[in-house]
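Letters A, B, ... are given to chains in the order of the sequence lines, protein chains preceding strands, and every chain is numbered from 1. Here the structure is a predicted model, which means the values were calculated and not measured.
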Protein chains: 2
Amino acid sequence: MNFNQAKTQFIQTWGTLGSEWGINRSMAQVHALLLISPEPLSTENVMEELSISRGNANMNLRDLINWNLMSKVLVPGDRQEYFEAEKDIWEIARRIAKERKKRELEPVLKVLDQLKQADLDKSLKTHQSFLATINDLDDFVGKMDKSVEVMLKADESWFFSTLLKLIK
Amino acid sequence: MNFNQAKTQFIQTWGTLGSEWGINRSMAQVHALLLISPEPLSTENVMEELSISRGNANMNLRDLINWNLMSKVLVPGDRQEYFEAEKDIWEIARRIAKERKKRELEPVLKVLDQLKQADLDKSLKTHQSFLATINDLDDFVGKMDKSVEVMLKADESWFFSTLLKLIK
DNA sequence: CTAAACTTTCAGTAATAATTGAAAGTATAG
DNA sequence: CTATACTTTCAATTATTACTGAAAGTTTAG
């Protein structure tokens, strides 16, 4: 396998993985492309490399910036904007975790806490079962949330070494 | 908020969360419905409760069984099949983790390991950068994979208490 | 100020994914 | 065996999401 084949396959694989995780294919591919690029790339570069339109490239670069996975880079004497990806995988994982915590875990916790307040009749099986599930979920999602907090404060080698030591 | 409102909101919320995670809305809703149901439900019940078609109900129940989140229950003297969800949240999390590990982590590891073998010229910056990213990712995904193994062998209270104690 | 170089937006279109419902398939009671 | 009750499949349809490209917007050099 030569470099171009390997590169193409990596971008493809990352794109597929992205879509399995609810991230659109192009965004994951743009991310993959920037991850392996030694230099920042312009919108033009991304359009050419991935054969996508200007609009698509622009929107996905923007989204990646919103996810805090990329930043704009200015080259003196050049009016084009360039984009550079965060390369540290642990840092990437933390930023994604932080964002998903905020966008998904926290809102769900809020809803679950509201549902606990619902006006229920504990003599009814359906109500009991509902409440039991909500309580269990709230507890579990709360622990997930706290675990992400641990991860956000941790450094990589410590985090995994602690976690993996436990298996022995 | 009364019971029906709470129930509807829970099913809705779970459906939305599902789609953010690449799981189709109906499947997540069927799961939610069964999670809070004190009794197993038939395909008919699911169709009515969620106002979806027979085909849709059938396919999603089937998929949930494939994910090992639900099982068929036979009621003596009744020809209809009933479905019952696993209720233990920790057990649900483990089964999902196990499945995603198999479907996503392991294939990605395989690809990354192949890409490491690609025929590269280490004097080129692009190749160096590619290899560095692939190696870092392989390392990280490998640790994730191992971490899931830890989780699969662990029991809930131990797992979280160990993890959360670390924050203090 | 103005033209050129660039970036962003977004209506229209294309691609993908989910859903329906009826027909085909299967199992069981009698 | 066969009629009935149920389950599964899948082609056609509908809904959702992503993408394009040209027009509008913005910035900067001169």
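- A side-chain donor from one of A:Asp155 and A:Ser157 sits under 3.5 Å from a side-chain acceptor of the other.
- Rounded to whole Å, the distance from CD on B:Gln29 to C1' on C:dT19 is 13 Å.
- Here B:Asn58 lies in heavy-atom contact (under 4.0 Å) with a base.
- Proximity note for A:Ile52 (side chain, C-beta onward) versus D:dT20, D:dA5, C:dC6: the nearest is D:dT20.
- Put simply, CG on B:Asn66 is 11 Å from P on D:dT8, counting in whole angstrom units.
- A distance-only check finds a donor-acceptor pair linking the side chain of B:His127 to the backbone of B:Asp121 [under 3.5 Å].
- For the OP1/OP2 pair of D:dC19 and a distance below 4.0 Å, the side-chain nitrogens and oxygens of A:Ser26 include at least one atom meeting the criterion.
- Rounded to a whole Å, the CE atom of B:Met27 is 16 Å from the C1' atom of C:dT19.
- Between A:Asn24 atom CG and C:dA17 atom P the separation is 11 Å, expressed in whole Å.
- Distances were taken from every side-chain heavy atom of A:Arg25 (C-beta onward) to each of D:dC19, C:dT20, C:dC6; the shortest belongs to D:dC19.
- At whole-Å resolution of the value, CD in B:Gln80 and C1' in D:dT8 are 15 Å apart.
- Within 6.0 Å of the CZ atom in A:Arg100, the count of heavy atoms belonging to other residues, nucleotides or ligands exceeds 12.
- Straight-line distance from the CD atom of A:Glu20 to the P atom of C:dA17: 11 Å, rounded to whole Å.
- Neither OP1 nor OP2 of D:dG21 sits under 4.0 Å from any side-chain N or O of A:Asn56.
- Closest to the A:Glu81 side chain, of the nucleotides C:dT7, C:dT20, D:dA5, is C:dT7.
- Of the residues listed (A:Val141, A:Leu105, A:Val108), the one engaging B:Leu17 in a side-chain contact (heavy atoms from CB on, under 4.5 Å) is A:Val108, and it is the only one.
- Because its NZ or CZ atom is both nearer than 6.0 Å to the ring centre of B:Trp67 and within 45° of the ring axis, B:Arg103 counts as a cation-pi partner of that residue.
- Per the geometry, CG belonging to B:Asp63 stands 15 Å off C1' belonging to D:dT7, to the nearest Å.
- Nucleotide C:dT8 holds its C1' atom 16 Å from the CG atom of A:Leu64, rounded to whole Å.
- Of all nucleotides listed (D:dC10, C:dT7, D:dA5), D:dC10 comes nearest to the side chain of B:Met59.
- Proximity note for B:Ser53 (side chain, C-beta onward) versus C:dC6, C:dG21, D:dT8: the nearest is C:dG21.
- Taking only side-chain nitrogens and oxygens, A:Arg62 comes nearer than 4.0 Å to OP1 or OP2 of C:dT8.
- Nearer the 5' end of DNA chain C, as judged by each residue's closest nucleotide, is the contact made by A:Thr43, out of A:Thr43 and B:Gly55.
- If you check distances only, the side chain of A:Arg54 never reaches the base of D:dT20 with a donor-acceptor pair under 3.5 Å.
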